[in-house]
Amino acid sequence: GTPLPDSSGPKDFVRDDRKIILTIDSRLQKISYEVLAEQVKEWEAKKGFAVVMNVNNGEILSLVTAPTYDPNKFWLYDPNLFKGWYLQDLFEPGSTFKPINLAIALESKVIDKTGFVQDEGNIEVGGWNLYNWNKKGNGYIDYPKVLQVSSNIGMIKIMKKLNPSSYWEWLNKLGINERIETDLYESTPGYLKSKDIFVNQPIEQAVASFGQGFSISPLKLAQIHAILANGGYEIVPHVTKDFKKENKNKKNKLFSEEVSKTVLEWMETVVENGTGIDSKIDGYRIGGKTGTSQKAINGIYTTKKVCSFVAALPINDPKYVVLVVIDEPSKAYAYGSTVAVPVAKEIIESLIVLEKLPPNRKENKIIVKKP
């Protein structure tokens, strides 16, 4: 007795029982949003993003942005809020990329884990004067200390040991300039200078060593850190349980287990004794790295900042990466350590409770599982 359109076909009204099952934990999602939104408001920032990802399979447990909108009343909001900027906008990751560069240097065998570097606080490269964030030197320091004090000069000297062509090839292999094949929004490919420019202009290699001069999406940064944390295996971030794209081809292995283990331990010292110390949680082994990068507008670096913090945990058996990015905080003393770290700590504390993560012992050895 139900009237049907004259043009209806035999399959138009077939019931489809397939359901979308998400990887998102609604409890963690709620907590993450509340913490992030409060911090964005507190620092009078333009926007913020936080993600929690399983490093072994790419499942996203929480992904939030602030400010946001109610999709049931979308017409009441600015359309700019509809964009998934964590995949579609690019930023220069800054110091959060330093652990990745150290992994590249270790993998290329231009440094070994017991080495040291001299940090005078400034250096001249190709006619440009480059400095540490505080314009102070740190002396003769080991590589964990390079991360702890976020030494730009130390990183420049380390990556200078690597052949420029090999360095560019590594960044290309990491997919800096590629889209993420995910089940979220259409992603924007990152921006990496051409090989010719990168190789022939030493300043490009120098600024890339501390995460500037190239651009990626926030989710791409989380993906690369997840690869490092899981022992080097490529994974694809996704939010649906039946997402299989990452299994179509054999997973690429980008870093060795030994390199992964070493850099994670170095990142742990950042939380124990460095700029990430405010994310420290008694009884838990957490590795991290802060970032405070200048924003380039129309090719010119400005006083506007992007503050970020990336964490991997537990260090002895990596399972999760947490990334917080807050764009353009407008108050004084805005750094990754002051703006992004507090958000990450609250998210990690909730993650520990919800996932029932047991405390670690310092003497535990790192176990790197294949995803």
Side-chain angles (χ1 to χ4, degrees), residues 22-39 48-66 96 99 147 218-219 221-223 225-231 235 237 239 241 260-261 263-290 308-326 336-369 371:
L22 299 181
T23 62
I24 298 289
D25 184 320
S26 59
R27 302 164 299 174
L28 190 61
Q29 182 85 349
K30 182 176 186 294
I31 293 165
S32 298
Y33 173 71
E34 289 174 350
V35 174
L36 178 69
E38 182 179 346
Q39 192 76 333
F49 161 71
V51 66
V52 180
M53 187 192 309
N54 183 316
V55 303
N56 293 310
N57 57 23
E59 290 186 353
I60 293 173
L61 281 71
S62 171
L63 188 155
V64 296
T65 59
T96 48
L147 288 182
L219 198 61
L221 178 62
Q223 179 195 34
H225 269 280
I227 292 170
L228 177 65
N230 72 28
I235 53 92
V239 295
K241 281 286 188 182
S260 173
K261 172 182 181 293
V263 177
L264 286 172
E265 288 178 340
W266 291 352
M267 289 174 68
E268 185 178 15
T269 71
V270 176
V271 173
E272 293 290 326
N273 304 302
T275 56
I277 195 166
D278 286 341
S279 66
K280 186 175 179 179
I281 299 171
D282 289 343
Y284 289 88
R285 297 185 64 187
I286 300 167
K289 185 67 193 81
T290 54
S308 56
F309 179 67
V310 63
L313 72 149
I315 289 300
N316 59 298
D317 184 12
K319 288 185 173 68
Y320 305 104
V321 155
V322 177
L323 172 65
V324 175
V325 178
I326 296 184
S337 57
T338 56
V339 179
V341 166
V343 177
K345 182 177 183 180
E346 288 200 47
I347 292 173
I348 292 169
E349 286 174 336
S350 299
L351 178 67
I352 287 170
V353 173
L354 294 173
E355 295 295 322
K356 299 180 175 60
L357 298 180
N360 308 119
R361 290 185 178 274
K362 182 69 178 177
E363 65 269 21
N364 284 352
K365 294 182 179 179
I366 286 188
I367 302 168
V368 179
K369 293 180 179 177

Nearest atoms (heavy-atom pairs only) where [X] meets [Y]:
X	Y	value
A66	L36	N-CD2, 3.9 Å
A229	V321	CB-CG2, 4.3 Å
L323	P218	CD2-O, 3.1 Å
S279	V341	N-CG1, 3.6 Å

Determine whether [X] and [Y] make a side-chain contact, defined as any pair of heavy atoms from C-beta on separated by less than 4.5 Å.
X	Y	result
I235	N56	no
T275	V270	yes
F49	L219	yes
I347	S62	no

Just by distance, do the side chain of [X] and the backbone of [Y] share a donor-acceptor pair under 3.5 Å?
X	Y	result
S337	G276	no
E346	S32	no
Q39	A340	no
N230	V55	yes
E59	P237	no
T23	I60	yes
H225	P99	no

Would you give the length of the straight line joining atom [atom1] of [X] to atom [atom2] of [Y], rounded to the nearest 0.5 angstrom?
X	Y	atom1	atom2	result
L63	L22	CG	CG	11.5 Å
M267	R285	CE	CZ	13.0 Å
L221	T96	CG	OG1	4.5 Å
Y284	N360	OH	CG	7.5 Å
I348	E355	CD1	CD	13.0 Å
L357	L351	CG	CG	5.5 Å

Please step through side chain to side chain contact (heavy atoms under 4.5 Å, CB included) for the pair D278 and K345, ending with a clear verdict. CA-CA 8 Å; D278 286 341; K345 182 177 183 180; 5.8 Å; no
Counting only heavy atoms not in E38 (residues, nucleotides, ligands), do more than 12 fall under 6.0 Å from its CD?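 No, not enclosed.
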